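Have a look at this one before I ask anything.
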Amino acid sequence: MNLNQIQHKIVTTINGPILVVAGAGSGKTRVIIYRIIYMIKKMRINPENILALTFTKKAANEMKSRLFKIINNPLILKKITIGTFHSIFSIILRNEAHLLGYNSNYTIYDNKDSDYLIKKILKNLNIEKVLDYRKIRKQISNYKNNLFFLSKKNNKNTLFYKVYKIYVKKCHQMNSLDFDDILLHTNYLFYRFPNILLKYQNKFKYILVDEYQDTNISQNNIIKKLSNKYKNIFVVGDDAQSIYSFRGAKISNILNFHFIYKNTKIFRLEQNYRSTNSIVKASNKIISFNKNQIYKKVWTDNEKGEEIKIYNATSDEEEAIYIANYILMYTTKKKFKYKDFAILYRTNYQSNIIELILKEKKIPYNIYGSISIEHRKEIKDLFSYLKFINNINDEVSLLRILNSEIKYKKTIKSIINISKKKNIEIYNIINNIEKYDINININTVKKLKIICSFLKKIRFNLNKFNAYQIVKYVIIFLLKKKKYENKIKEKFKLILINIYKYVKKKLRFYNINTYLSDFLQYFYLEDDNNENDKANKVSIMTVHLSKGLEYPIVFITGLEENIFPSKSCIGNSQIEEERRLFYVALTRAKKIAILTYATSRFLWGNKITNIPSRFINEINKLISIKYKKNKYNNILGLKIHHKDFGSGIILNCNNDIATIKFNKLGIKRILLSLNKIIF
DNA sequence: CCTTCGTGAATTTTT
DNA sequence: TTCACGAAGG
């Protein structure tokens, strides 16, 4: 199995609660995978009793494919339950939905759906100017993830609570769950129905959780309940890589694990096998700037390797060009492959310019997540049809359809008003539109008729046709009605191909038919929209998505204050999480890490300028000097004294102009040739 | 009933 | 810059 002594011990210690504190690159995913194999092959544990949980769809798919490579037996593999918290528990909820007053075909609302609903509620209460719908959504999410509903913490007189209650009620009426509901309702299910809990306790006798540092209260409580009978709970985590606190992740879960589970065995994985010594050294240096951390000594036997490189681009475009050229050079002259490279960024929108340049230079790439395709308007339209067809109570999706089909807002408003006044479902009204006294355009009536008869027809066949057939009909219907650009048609085609593959795979692999609701579940909670994983392509993604992955050469881009670290994290306690995020980014690299930053960059059509990220300065001494561009190339981070302005530190330097942060006067740009600076 | 024009927000990260 | 939304005017 090729494991070190501690790893071997971890793999073969099966019973009881176990906490593994694992540094970056110490082989923790490998340990999980070998442990699963050991349980099945050596311990003869029934694979059906194993539950492995991850946080991102990407990590789940990665684990599945790595396991498959070793086990290579689909019959065994399909018995193991592997997936994200959300996907696994939403499947369980579908099975038990009737107990909670839901139908098993419930719709999953993404953030945009939630926003839409919250906006509507605020408008109805006439407080859309008082409360910000996005803040409310975050607050609702926070509420649910912290299980406040179980405690007495809620302040029932606030405006927020009023909105919260309506939101919950509406979701229930529409047979819909948002992402947080999936966890919340699972909690409620296990709390309220002990016999159901027992059923799943007996099924999942062995539970493994990857990236445990990212669990929130709600998730942690589910694991606690599930493992309570057999206590075979195995968690792996690294507090230094905790980067999901915005989703309610609580580091205290990992810190208090051994208090909650008696007789916990604790292991530490500190040897890094992934990266060169230079990279390990720099990442240790970075994380040492954080005050809150569990002491860990990550070390490596690997060679020193190349020093970390840095590139100061003049613009975001030039940054991308530099990266593209670098990749071209290394693939032609140094025999690296495209798939050896990853380009990481802090925010999704940064991918635009990178994609553009890579396309120009004909470098094949694979983008993960992205401004995810489900948020594109036309795709959203398609999926509102699919969601409504699947769940006739889903008025959010129906209203989306109406909004995209009917130009005249007044007409929609009158329909909604009638629905409210007479307490009749909107779908019912549009089906009998001529019976109602509405000022409505004749063409609109015709349109509604066409839509309604289509919906009726297709809903009639809902259980006869598989997901592929249904989606195909909807796409044909949409294309018949509207003139879409070719780009959109291509996207539709891609989605269809994706569905086709999925339906086929399910049939061959598991011998089950895929209906529309199965496909929607897959689309929202399982598909990481990345079929070409193994293809020889450059990977580009956010730092968040890169966790758990590794690449020989990694570019960390946009290392500027206000970008990375993000503006909203500067000057508060969240800066430590940003630093952990940078730590995650840096530790993805096996051989070479290249940090890039741009002097100016486009944001909303405006050129903005930022000073280099503090993270560059924090590891300044470990960065290869020859890559520090220009003639004042070795003065970054240097403490200086200015004849007029006093002492300060050099943040950036472009040819003759240095950006200096003065102790008393703040940030100023100084012409070096004036010779006012004493180094 | 329908078009046009002006204003203001958007982009932190994932399920 | 781009997009959504709403007011105003055709």
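Per chain, numbering begins at 1; letters A, B, ... match sequence-line order. Bear in mind the structure is a predicted one, so any value in this text is a computation, not a measurement. Hydrogens, waters and symmetry mates play no part in the numbers below; they use all other heavy atoms, side chains included.
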What integer distance in Å separates A/Y116:OH from C/dA4:C1'?
->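 The answer, rounded to whole Å, is 12 Å.
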A/R134 bridged to A/D115 by N-O distance under 4.0 Å: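 Looking at A/R134 and A/D115, the cut-off is not met.
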Determine, using ring centers only, whether A/H544 and A/F246 are less than 6.0 Å apart.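 So the answer is yes for these two rings.
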Would you list the protein and nucleotides 5-10 of chain C atom pairs, both N or O, that sit under 3.5 Å from each other?
unit_1, atom_1, unit_2, atom_2, d
C/dG6, OP1, A/K123, NZ, 2.9

What is the distance, to the nearest angstrom, from the CZ atom on A/F89 to the P atom on B/dT15?
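To the nearest whole Å, that distance equals 16 Å.
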Can you measure A/I563 atom CD1 to B/dT13 atom C1' for me and round it to whole angstrom units?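 For the pair A/I563 CD1 and B/dT13 C1', the rounded distance is 14 Å.
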Item to check | Under-4.0 Å salt bridge between A/R94 and A/D518 | outcome: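 The answer is no: the pair does not qualify as a salt bridge.
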> Rounded to whole angstroms, how far apart are CD1 on A/I367 and P on B/dT14?
Replying inline: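 Result: 11 Å.
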request  = Indicate the ring-plane relationship of A/F55 and A/F85, choosing parallel, tilted or perpendicular according to the 30° and 60° boundaries.
outcome  =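 A/F55 and A/F85: tilted rings.
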Is the count of non-hydrogen atoms from other residues, nucleotides or ligands lying under 6.0 Å from A/K225 atom NZ greater than 12?
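Yes.
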Electrostatic pair A/K449:A/E434 at N-O distance under 4.0 angstrom: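 Between A/E434 and A/K449 there is a salt bridge, with a charged N closer than 4.0 Å to a carboxylate O.
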* **Within the 6.0 Å centroid threshold, strictly below: A/Y143 and A/Y164** =>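 Yes, ring centres under 6.0 Å apart.
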### Integer-rounded Å distance: C/dA4 P and A/K112 NZ
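Those two atoms, NZ and P, are 9 Å apart.
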*asked:* Are A/F89 and A/H185 an aromatic pair, judged by ring center distance below 6.0 Å?
replied: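 Centroid separation for A/H185 and A/F89: 6.0 Å or greater.
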For this session: Scan A/F564 against the nucleic acid and name what it touches under 4.0 Å (heavy atoms): base, sugar-phosphate only, or nothing.
Result: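 If one applies the 4.0 Å heavy-atom cut-off, A/F564 turns out to touch nothing in the nucleic acid.
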- Task: Quickly work out the A/K144 NZ to B/dT15 P distance and round it to whole Å.
- Result: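 Atom NZ in A/K144 sits about 18 Å away from atom P in B/dT15.
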Atom pairs under 3.5 Å, N or O on each side, protein against nucleotides 10-12 of chain B: can you list them with distances?
unit_1, atom_1, unit_2, atom_2, d
B/dT12, O2, A/R346, NH1, 3.2
B/dT12, O2, A/R346, NH2, 2.0

Discussion item. For B/dT15, does the base pair up with any side-chain atom of A/D110 as donor and acceptor (N or O, under 3.5 Å, distance only)?
Written reply: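 No such pair is found, so the answer is no.
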Over how many whole Å does the gap from A/K547 atom NZ to B/dT15 atom P extend?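 That distance rounds to 11 Å.
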- Message: Any base atoms under 4.0 Å from A/F85, or only sugar-phosphate, or nothing? Heavy atoms, all strands.
- Response: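 No contact.
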Report task. Check the distance between B/dT13's P and A/R137's CZ and give it to me in whole angstrom. Result ->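 The answer, rounded to whole Å, is 11 Å.
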Could you go through residues 601-608 of chain A and list every donor-acceptor pair under 3.5 Å that involves a side-chain atom there, pairing it with any protein atom two or more places apart or in another chain?
unit_1, atom_1, unit_2, atom_2, d
A/R601, NE, A/E560, OE1, 2.9
A/R601, NH2, A/E319, OE1, 3.1
A/R601, NH2, A/E560, OE2, 2.7

- Item | Spacing of the P atoms in B/dT11 and C/dC5 (rounded, Å) |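 Nearest-Å result for C/dC5 against B/dT11 at atom P: 14 Å.
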